[in-house]
Structure formats: structure tokens, C-alpha cells
Novice: 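Below are the C-alpha cells for one structure; questions will follow.
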Amino acid sequence: MVALRSRRLEGLFGARLDAVSHAQVAALKTNAVSESYDLEFKGELYGGNDKAKRDLAGDVAALANTAGGVLLLGVAEDDQARAAELPGVALSDSEVLRYRNTSRCPQTRHRGAGTARPRASQPGSASTAVTAAPSTSWPPTR
């Protein structure tokens, strides 16, 4: 994960954001960690259609417009927004590039987005993190 340092998130994961492992992501489920202003869970990948691209860009912009944060793909939440399941996502290199390009689109108006894949303990169970550094633009983007 690039361009983001957060003491709160690094304390939550127990590691620098660029060194988070799959076990540390799995601990979010074990500890029933809730989403917050700087942490969001998505159980599956965003699609490739225009609406899905706008949804991804909007979610990254929302994180950037607060304090920056992490969007974890492959972590499903329960009805109280707590990490509940780790279905994982299969993300090819071309998908990583698509996520980077979409999260850096004009709607987010910043270059502090990145993606990283915490290593999986078993095939098919990897999660992917999309990071968003705090936006420096004003007014806030939507």
C-alpha cells in the first residue's frame, strides 16, 4: 500500500500499511473490527461497468476527503459493518492496473491512491487493499 501513513490503522493491523499480511487482515474478522471513517470493507470486486467505476471512485474520494484510508476488497461485513467473512478476491495484474487508474480518475482529483495484495495463507483467499491518501483539494470531491 502506498502514499498513506496512519497511526490508527497501523495500530489496528499491527504493521505498517505497506507490510500488512493476510493473517493481519484475517485478525479483523477474529476481532470483529468495524468499518470507520478510514476503513471500509467490500466482499467482492467492483465491476467493470461505468456505474461500478463511479462507485469505486466515489468510495476512494470519500476516504480521501476525510483523513485518507483503506478500502479492503475480499472482506465482507455483517449488518453492523464489522468484518465478518473473508471470501477473498482474485485480482489479476490487469485488474490492479484498472483499480489504480479508476481510483486516480478526475473524480478523486488526487494521486495518492494505490493498491496492494496482502499475501494469502491459502489460494483464492487473498484480500486487496486500495489506499487513499488525504486529498489536498478544496472543496471536497464527490
Side-chain angles (χ1 to χ4, degrees), residues 1-105 107-137 139-142:
M1 294 179 234
V2 293
L4 177 66
R5 292 295 312 267
S6 166
R7 287 184 185 179
R8 191 190 94 74
L9 289 173
E10 289 174 353
L12 185 68
F13 286 111
R16 282 181 53 124
L17 295 177
D18 60 357
V20 172
S21 70
H22 179 72
Q24 290 160 319
V25 172
L28 299 176
K29 175 187 173 190
T30 303
N31 298 326
V33 172
S34 294
E35 288 184 323
S36 186
Y37 67 93
D38 59 355
L39 180 64
E40 185 166 340
F41 306 129
K42 296 290 181 192
E44 52 194 47
L45 297 175
Y46 290 84
N49 62 33
D50 287 344
K51 181 188 179 316
K53 290 176 185 177
R54 283 190 304 274
D55 289 345
L56 170 60
D59 288 345
V60 170
L63 288 170
N65 284 337
T66 56
V70 174
L71 172 63
L72 278 174
L73 307 171
V75 177
E77 62 191 85
D78 64 15
D79 59 354
Q80 295 179 343
R82 295 179 301 210
E85 296 296 326
L86 300 171
V89 292
L91 199 64
S92 66
D93 290 340
S94 62
E95 277 291 292
V96 170
L97 182 60
R98 184 175 73 84
Y99 272 69
R100 284 185 180 148
N101 289 338
T102 301
S103 62
R104 291 180 181 165
C105 74
Q107 292 150 307
T108 62
R109 279 191 257 164
H110 69 94
R111 300 279 179 203
T115 57
R117 288 181 258 186
R119 288 177 304 213
S121 58
Q122 52 189 307
S125 65
S127 57
T128 297
V130 177
T131 61
S135 177
T136 58
S137 65
T141 56
R142 296 182 222 282

Novice: Are the side chain of E10 and the backbone N or O of R7 linked by a donor-acceptor pair below 3.5 Å?
Specialist: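 Between the backbone of R7 and the side chain of E10 there is no qualifying donor-acceptor contact (under 3.5 Å).
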Novice: List the atom of Y46, the atom of A52, and the distance in Å for their closest heavy-atom pair.
Specialist: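 Of all heavy-atom pairs spanning Y46 and A52, the closest is CD2-O, 3.7 Å.
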Novice: Kindly compute the distance separating CG (L28) from CZ (R82), expressed to the nearest 0.5 Å.
Specialist: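 Atom-to-atom, L28:CG and R82:CZ are 13.5 Å apart.
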Novice: Quick check: do L39 and L72 have side-chain heavy atoms less than 4.5 Å from each other?
Specialist: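 The answer is yes; the side chains approach within 4.5 Å.
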Novice: Working to the nearest 0.5 Å, report the span between CG of L45 and CG of L56.
Specialist: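 If we round to the nearest 0.5 Å, L45:CG and L56:CG are 10.0 Å apart.
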Novice: Provide the closest heavy-atom pair for R98 versus G48 in the form atom of the first, atom of the second, distance.
Specialist: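 Closest pair (atom of R98, atom of G48, distance): NH1-CA, 3.6 Å.
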Novice: Answer yes or no: is there a donor N or O on one side and an acceptor on the other, between the side chain of N31 and the main chain of V33, under 3.5 Å?
Specialist: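 No: the side chain of N31 does not pair with the backbone of V33.
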Novice: How close do L71 and K42 get, counting heavy atoms only, and between which atoms?
Specialist: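 Of all heavy-atom pairs spanning L71 and K42, the closest is CD1-CG, 3.6 Å.
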Novice: From E40 CD over to L73 CG, what is the distance, rounded to the nearest 0.5 angstrom?
Specialist: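 E40 atom CD to L73 atom CG measures 9.5 Å (nearest 0.5 Å).
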Novice: Verify the neighbour count for atom CD of E44: are there more than 12 heavy atoms of other residues, nucleotides or ligands below 6.0 Å?
Specialist: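 No, because the 6.0 Å sphere around CD of E44 holds 12 heavy atoms or fewer from other groups.
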Novice: Please report the closest heavy-atom contact between R8 and S36, naming both atoms and the distance.
Specialist: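 Heavy atoms only, the tightest pair is NH2-CB, 3.5 Å.
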Novice: Kindly give the heavy-atom pair with the smallest separation between A84 and K29, and that separation in Å.
Specialist: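 It is O-CE, 3.0 Å.
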Novice: Of all the heavy-atom pairs spanning L9 and G69, show the shortest one and how long it is.
Specialist: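 That closest heavy-atom pairing would be CD1-CA, 4.2 Å.
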